[in-house]
Peer 1: 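Structure below; questions to follow.
What you see is a predicted model; the values in this text were computed from it and never measured. Sequence lines set the chain letters: A, B, ... in the order given, protein chains first and strands last, and positions in each chain run from 1.
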There are 2 protein chains.
Amino acid sequence: MSKELPPWEKAREEFVAQWGSLGTQWGINRTMAQIHALLMTAPEPMCTDEVMEKLQISRGNAHTNLKELVAWNLVRIITHKGDRKEYFEAEKDVWKIFITISKERKRREIEPAIRLLRDCAAQTKDEAAGPGRDFHQQMKDLDEFLSFGVKVGDTVISMKHASALQWAMRLLG
Amino acid sequence: MSKELPPWEKAREEFVAQWGSLGTQWGINRTMAQIHALLMTAPEPMCTDEVMEKLQISRGNAHTNLKELVAWNLVRIITHKGDRKEYFEAEKDVWKIFITISKERKRREIEPAIRLLRDCAAQTKDEAAGPGRDFHQQMKDLDEFLSFGVKVGDTVISMKHASALQWAMRLLG
DNA sequence: TCACGTTTTCATTAAAAACTGAAAATATCG
DNA sequence: CGATATTTTCAGTTTTTAATGAAAACGTGA
């Protein structure tokens, strides 16, 4: 059934398949990672049916994961006049992808953790000594570390790629 | 059935439960995250039975996840003479935890991704124009970005906590 | 408004991941 | 070497997560 694929499409298929596996280790749904890989390497925006066809998945699955990628701001919807289909286009700029993922993970994963740590610290702020005091301190240490990390992250993602690069180069130099 | 818990243990139980939930979002097994939270806040090293009891889980589950945490270098095994049980103790220093997790994620998640990107780039290095050339470039861009990130990460994790802090402060200042 | 192309939802099914508990293996001591 | 304490494994089960496909909802143009 398979027809002559251009050689680069061969590599692309490997990329899509493997990126999907890697995604699962990152706690990301395999299909979502595959669609992202597919769109990142798509010469043109793709519609749902094209994604279904390329990945051999159902409409519901394609739809759900495309919309999830849109919710992550990693993919945007394109429409052409005179065509009521939606086309999907992934951000390809690596620095922008990085910033987007960083922001999203901060919001979904780091900030809830910080809230938890502060809550637990608050609950034990009167512990004067012993294990209770140690627990309180541990919560504060973790909070402080994550909060500082967020601050650094915020600074970096507010930078232009070139400035961030320059700054990082200074560290390495 | 529940007896008087010291107030700090109340907060601890919330921490353990919630840290478990947060862990799943990070792609980490819930029980593993809970055990880690438990040990990070344990005044003394704990044995398998204590972990089973605290979290109400089976021996097999406790065992597997404790050993997994040891494999991550987040937990170490302690033995006392005259007692053949193994006790488990988590690293509590936030900076050390960060370094350990960073190294492990680099090894498990970033490096395989870089290998994939290089492979796909190599397969398409002769593409002279068009979509094939764009694909090749995209692979190279992603590789370059991740590799640079690894370099920065390596530099940071080779630093003492104080030096890293000072360096980051300069960025924020 | 109706017909049609498209998107969205969701009950059901399938697949993957996590967990249990008990048996087997291992280690330690007299 | 037994006897005993502890760790490790793993077949079977449960729980969770993801995927399917068909029906419903939506939106647009005639």
Side-chain angles (χ1 to χ4, degrees), chain A residues 16-39 44-72 75-89 108-109, chain B residues 16-39 44-72 75-89 108-109:
Chain A
V16 169
Q18 293 293 121
W19 200 255
S21 308
L22 290 170
T24 59
Q25 293 186 288
W26 262 84
I28 293 171
N29 175 289
R30 168 184 256 92
T31 302
M32 181 170 150
Q34 287 185 339
I35 296 180
H36 188 222
L38 190 67
L39 292 178
E44 304 294 340
M46 298 174 74
C47 66
T48 305
D49 294 75
E50 289 167 342
V51 172
M52 288 166 62
E53 152 70 19
K54 270 279 188 192
L55 300 181
Q56 294 289 299
I57 57 177
S58 72
R59 181 172 306 282
N61 195 10
H63 175 79
T64 304
N65 285 292
L66 280 166
K67 287 302 161 92
E68 186 67 10
L69 283 164
V70 171
W72 270 76
V75 167
R76 53 184 160 274
I77 297 173
I78 306 279
T79 51
H80 300 117
K81 48 194 105 151
D83 180 354
R84 51 204 225 206
K85 267 212 200 70
E86 290 184 329
Y87 292 81
F88 299 90
E89 177 180 63
R108 298 179 188 222
E109 297 167 6
Chain B
V16 169
Q18 292 294 121
W19 199 254
S21 308
L22 290 170
T24 60
Q25 293 185 287
W26 263 84
I28 294 171
N29 175 290
R30 169 184 256 92
T31 303
M32 183 170 147
Q34 287 185 339
I35 296 179
H36 188 222
L38 189 67
L39 291 178
E44 304 293 339
M46 297 173 75
C47 67
T48 304
D49 294 77
E50 288 165 342
V51 171
M52 290 166 62
E53 152 70 18
K54 269 279 187 192
L55 301 180
Q56 293 290 298
I57 59 177
S58 73
R59 180 173 307 282
N61 195 11
H63 174 79
T64 304
N65 285 292
L66 280 165
K67 286 303 160 92
E68 186 67 10
L69 283 164
V70 170
W72 271 77
V75 166
R76 55 184 158 275
I77 297 172
I78 305 280
T79 51
H80 301 117
K81 49 195 108 149
D83 179 355
R84 35 168 118 153
K85 266 213 202 70
E86 289 184 330
Y87 292 81
F88 299 89
E89 176 180 64
R108 298 179 189 221
E109 297 167 9

Peer 1: Between atom CD in A:Glu50 and atom C1' in C:dT6, what is the gap in whole Å?
Peer 2: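 Checked: the CD to C1' distance equals 14 Å.
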
Peer 1: Let me know the distance between NZ of B:Lys85 and C1' of C:dC29, rounded to the nearest Å.
Peer 2: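 For the pair B:Lys85 NZ and C:dC29 C1', the rounded distance is 16 Å.
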
Peer 1: Nearest-Å distance, NE2 (B:His63) to P (D:dC10)?
Peer 2: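 Spelled out: NE2 on B:His63 to P on D:dC10 is 11 Å.
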
Peer 1: Taking NZ, NE, NH1 and NH2 as the nitrogens, is one of them in A:Glu86 or A:Lys67 under 4.0 Å from a carboxylate oxygen of the other?
Peer 2: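 The answer is yes: the pair qualifies as a salt bridge.
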
Peer 1: For the CD1 atom of B:Ile28 and the CD atom of B:Glu68, what is their distance to the nearest 0.5 Å?
Peer 2: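 Going from CD1 on B:Ile28 over to CD on B:Glu68, the span is 10.0 Å.
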
Peer 1: Which value, rounded to the nearest 0.5 Å, describes the distance between B:Leu69 atom CG and B:Arg76 atom CZ?
Peer 2: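 So the CG of B:Leu69 and the CZ of B:Arg76 are separated by 12.5 Å.
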
Peer 1: Between B:Asn61 and B:Ile57 (side chain of the first, backbone of the second, donor and acceptor by atom type, cut-off under 3.5 Å), is there such a pair?
Peer 2: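 It does not hold such a pair.
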
Peer 1: Can you give me the closest heavy-atom contact between B:Val16 and B:Gln34, atom names plus distance?
Peer 2: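 So the minimum-distance heavy-atom pair works out to O-CG, 3.4 Å.
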
Peer 1: For B:Lys85, is there an ion pair with B:Asp49 - N to carboxylate O distance below 4.0 angstrom?
Peer 2: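 Looking at B:Lys85 together with B:Asp49, the answer is no, because their closest N to O distance does not fall below 4.0 Å.
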
Peer 1: Round to the nearest Å and state the distance from B:Glu86 atom CD to C:dA27 atom C1'.
Peer 2: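 It works out to 11 Å between those atoms.
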
Peer 1: Can you check each nucleotide of nucleotides 13-26 of chain C against protein heavy atoms at under 4.0 Å and return B for base, S for sugar-phosphate only, - for none, in 5' to 3' order?
Peer 2: -----SSBB-----

Peer 1: I want to check one thing: is the phosphate of D:dT7, taken as OP1 and OP2, less than 4.0 Å away from some side-chain N or O of B:Lys67?
Peer 2: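 Answer is no, no contact under 4.0 Å.
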
Peer 1: Distance check needed: C:dT7 P versus A:Leu66 CG, whole Å only.
Peer 2: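 So the CG-P distance, A:Leu66 to C:dT7, works out to 10 Å.
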
Peer 1: Specify the separation, in whole Å, of atom NZ of A:Lys81 and atom P of D:dG27.
Peer 2: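 To the nearest whole Å, that distance equals 21 Å.
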
Peer 1: In whole Å, I'd like the distance from the CE atom of A:Met52 to the P atom of C:dT8.
Peer 2: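 These atoms are roughly 14 Å apart.
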
Peer 1: Any donor-acceptor pair under 3.5 Å between the side chain of B:Arg84 and the base of C:dT28?
Peer 2: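 By the distance-only test, yes, there is a pair.
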
